[in-house]
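For reference, the structure is listed below as structure tokens.
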Number of protein chains: 2
Amino acid sequence: MKKYVNILKENGIKVTPQRLEIMKYLDEHMTHPDVEKIYSDLKKKNPALSKTTVYNTLEILRKYNIVQVLTISESELRYDFKNTLHHHFLCKSCGKIIDIDVECPKLNKMLKGKYKVDEVHGYFKGICNVCRGKRKTVTNN
Amino acid sequence: MKKYVNILKENGIKVTPQRLEIMKYLDEHMTHPDVEKIYSDLKKKNPALSKTTVYNTLEILRKYNIVQVLTISESELRYDFKNTLHHHFLCKSCGKIIDIDVECPKLNKMLKGKYKVDEVHGYFKGICNVCRGKRKTVTNN
DNA sequence: TTTCAGTTTGTAATCATTTCAATGTAACAC
DNA sequence: GTGTTACATTGAAATGATTACAAACTGAAA
Ligand SMILES: [Mn+2]
Ligand SMILES: [Mn+2]
Ligand SMILES: [Zn+2]
Ligand SMILES: [Zn+2]
């Protein structure tokens with residue numbers, strides 16, 4: 001928990017139990033949950049939690065670049081604790097979002113090009129291999 | 001208009017005036033409009049047009065891979081007549097969405113890798129150079 | 001203590017999208 | 001041609017994620 005306290009303090013954001021819980025949740029779950037999932041899971045521990053607090057907290061964490069918003073889904077925003085740059089794969093069958101590590105060599109040019117780029121999002125959509133029945137196992141190299 | 005008639009026929013989709021107008025609109029506007037924009041613009045010519053028809057049409061065009069849905073905006077879906085693969089830049093200041101041509105060499109590996117990839121989306125977000133006052137002019141190479 | 005700014009909470013409003021049922025249309029069978 | 005049928009269009013209503021708002025809470029500073 002100290003980890004999250006520090007992040008908040010470093011950014012000059014007031015430390016509150018709700019904020020810590022939400023940060024911890026995002027950091028520990030690699031599932032890229034939406035607000036409803038975060039809310040319903042955390043409400044088990046803290047029944048007084050308000051969904052508005054989840055929205056407010058995600059908004060401030062985002063403002064300070066602590067979390068990232070994924071627009072990969074068409075119906076709701078997904079949240080990701082911000083680590084190093086990576087891309088995402090959305091399984092259109094089961095809805096899972098998986099981290100994808102791709103280092104695109106063209107990225108640096110884009111980042112230094114004529115546009116001032118603040119965010120980079122790489123989204124792939126398709127069917128995950130669990131949903132394909134784990135039949136084909138093809139390497140990625 | 002023949003162009004759009006052909007595309008519909010090739011795909012076995014019934015030809016209707018509404019569908020043709022929507023296809024033409026998307027093909028001729030590189031603005032990646034949302035449903036509201038398509039609807040309000042086309043309603044000028046055809047006041048009887050229903051927004052549901054716009055939704056329905058975009059849905060079927062999408063199903064046959066004639067248009068592409070962009071989830072780059074957090075509040076509404078944007079639509080793009082589907083040409084060759086390209087990425088997008090969203091200006092967080094003026095809301096414009098600009099086409100970006102990036103040929104990522106890693107893409108093919110991703111496409112043939114362990115996931116069955118149907119869609120590839122590359123989104124960059126930041127401030128466009130119009131909004132930056134056209135001060136810096138930096139090349140992209 | 002009192003004050004005060006910021007936080008949390010619950011409710012209400014907003015608004016993009018979906019659902020649904022009625023109406024329209026056009027090809028096709030008779 | 002007339003009736004049948006499948007599909008398309010339309011407008012209204014429902015849904016659901018997100019935002020706006022105001023009241024209650026908290027905790028540090030005066
Ligand atoms: Mn991720
Ligand atoms: Mn485009
Ligand atoms: Zn899956
Ligand atoms: Zn701009």
Side-chain angles (χ1 to χ4, degrees), chain A residues 4-5 7-9 11-23 25 32-64 66-79 90 92 95 97, chain B residues 4-5 7-9 11-23 25 32-64 66-80 90 95 97:
Chain A
Y4 310 115
V5 173
I7 294 176
L8 291 177
K9 284 186 176 168
N11 285 279
I13 305 170
K14 271 199 185 163
V15 177
T16 72
Q18 291 91 340
R19 289 171 179 173
L20 293 174
E21 285 299 333
I22 290 169
M23 290 174 78
Y25 184 91
H32 313 91
D34 63 5
V35 167
E36 176 59 32
K37 182 85 173 104
I38 299 168
Y39 169 69
S40 60
D41 280 358
L42 293 182
K43 203 170 174 67
K44 292 167 192 164
K45 284 284 181 97
N46 171 15
L49 181 66
S50 162
K51 197 180 277 187
T52 303
T53 298
V54 180
Y55 275 104
N56 290 341
T57 299
L58 292 169
E59 179 59 26
I60 195 172
L61 292 177
R62 178 196 190 172
K63 180 177 160 195
Y64 287 91
I66 299 164
V67 305
Q68 184 184 22
V69 175
L70 306 185
T71 57
I72 191 171
S73 159
E74 286 166 32
S75 50
E76 80 287 314
L77 300 176
R78 301 292 207 99
Y79 292 86
L90 168 70
K92 292 194 278 189
I97 296 176
Chain B
Y4 310 115
V5 173
I7 294 175
L8 291 177
K9 282 185 177 166
N11 284 278
I13 305 170
K14 270 196 186 166
V15 177
T16 72
Q18 290 91 340
R19 287 172 182 174
L20 293 174
E21 286 299 332
I22 290 170
M23 288 174 79
Y25 184 91
H32 313 91
D34 63 5
V35 167
E36 176 58 32
K37 182 84 174 105
I38 300 168
Y39 170 68
S40 58
D41 280 358
L42 292 182
K43 202 171 176 65
K44 292 168 192 164
K45 285 285 181 98
N46 172 15
L49 180 66
S50 163
K51 197 180 277 187
T52 303
T53 299
V54 179
Y55 275 104
N56 289 342
T57 299
L58 291 170
E59 178 60 26
I60 195 172
L61 292 177
R62 178 195 192 173
K63 180 175 160 196
Y64 287 92
I66 299 163
V67 305
Q68 185 185 20
V69 175
L70 306 185
T71 57
I72 191 171
S73 160
E74 286 168 29
S75 48
E76 80 287 316
L77 300 177
R78 301 293 206 98
Y79 291 86
D80 203 359
L90 168 71
I97 296 176

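Remember, predicted model here, so these are calculated numbers, not experimental data. Just so it is clear: chains get the letters A, B, ... in the order the sequence lines come, proteins before strands, and each one is counted from 1.
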Considering all heavy atoms, the nearest [X]-[Y] contact:
{"X": "A/Asn11", "Y": "A/Tyr64", "answer": "O-CE2, 3.5 Å"}
{"X": "A/Lys9", "Y": "A/Val15", "answer": "CG-CG2, 4.1 Å"}
{"X": "A/Tyr79", "Y": "A/Val67", "answer": "CD2-CG2, 4.4 Å"}
{"X": "A/Pro33", "Y": "A/Tyr25", "answer": "CG-CE2, 3.7 Å"}

Original post:
Taking for each residue the nucleotide of DNA chain C bearing the nearest heavy atom, is the 5' side occupied by A/Lys51 or by B/Lys14?
Top reply: A/Lys51

I'd like to know if the side chain of [X] and the backbone of [Y] have a donor-acceptor N/O pair within less than 3.5 Å.
{"X": "B/Arg19", "Y": "B/Lys14", "result": "yes"}
{"X": "A/Thr71", "Y": "B/Glu74", "result": "no"}
{"X": "B/Arg78", "Y": "B/Leu70", "result": "no"}

Original post:
When all nucleic acid strands are considered with a 4.0 Å heavy-atom cut-off, which category describes B/Asn56: base, sugar-phosphate, or nothing?
Top reply: base

Original post:
How is B/Gln18 classified with respect to the nucleic acid when contacts are heavy atoms under 4.0 Å: base, sugar-phosphate, or nothing?
Top reply: sugar-phosphate

Would you kindly give the [atom1]-to-[atom2] distance between [X] and [N], to the nearest whole Å?
{"X": "A/Leu42", "N": "C/dT8", "atom1": "CG", "atom2": "P", "answer": "13 Å"}
{"X": "A/Leu77", "N": "C/dA16", "atom1": "CG", "atom2": "P", "answer": "14 Å"}
{"X": "A/Leu8", "N": "C/dT7", "atom1": "CG", "atom2": "P", "answer": "11 Å"}
{"X": "A/Glu59", "N": "C/dT7", "atom1": "CD", "atom2": "C1'", "answer": "15 Å"}
{"X": "A/Glu76", "N": "C/dA16", "atom1": "CD", "atom2": "C1'", "answer": "14 Å"}
{"X": "A/Arg19", "N": "C/dT9", "atom1": "CZ", "atom2": "P", "answer": "11 Å"}
{"X": "B/Asn46", "N": "C/dG24", "atom1": "CG", "atom2": "C1'", "answer": "14 Å"}
{"X": "A/Ile38", "N": "C/dT8", "atom1": "CD1", "atom2": "P", "answer": "15 Å"}

Subject >> First of A/Tyr55 and B/Thr57 reached from the 5' end of DNA chain D, by closest nucleotide >> reply: B/Thr57

**OP:** Answer yes or no: does a side-chain N or O of A/Thr16 lie under 4.0 Å from OP1 or OP2 of C/dT8?
**Re:** yes

**OP:** Using side-chain contact (heavy atoms from CB on, under 4.5 Å) as the criterion, point out the one residue from B/Val69, B/Ile38, B/Leu77 that pairs with B/Leu58.
**Re:** B/Ile38

Original post:
Just one of A/Lys44, A/Glu36, A/Lys43 clears the side-chain contact (heavy atoms from CB on, under 4.5 Å) bar with A/Ser40, so which one?
Top reply: A/Glu36

**OP:** State the dot-bracket string of DNA chain D. Criteria: Watson-Crick or G-U wobble, both atom distances under 3.5 angstrom; notation: ( ) intrastrand, [ ] crossing earlier pairs, | interstrand, . unpaired.
**Re:** ||||||||||||||||||||||||||||||

**OP:** Go through DNA chain D in 5' to 3' direction and return only the first and the last nucleotide with some atom under 4.0 Å of chain B's heavy atoms.
**Re:** D/dC7 to D/dA12

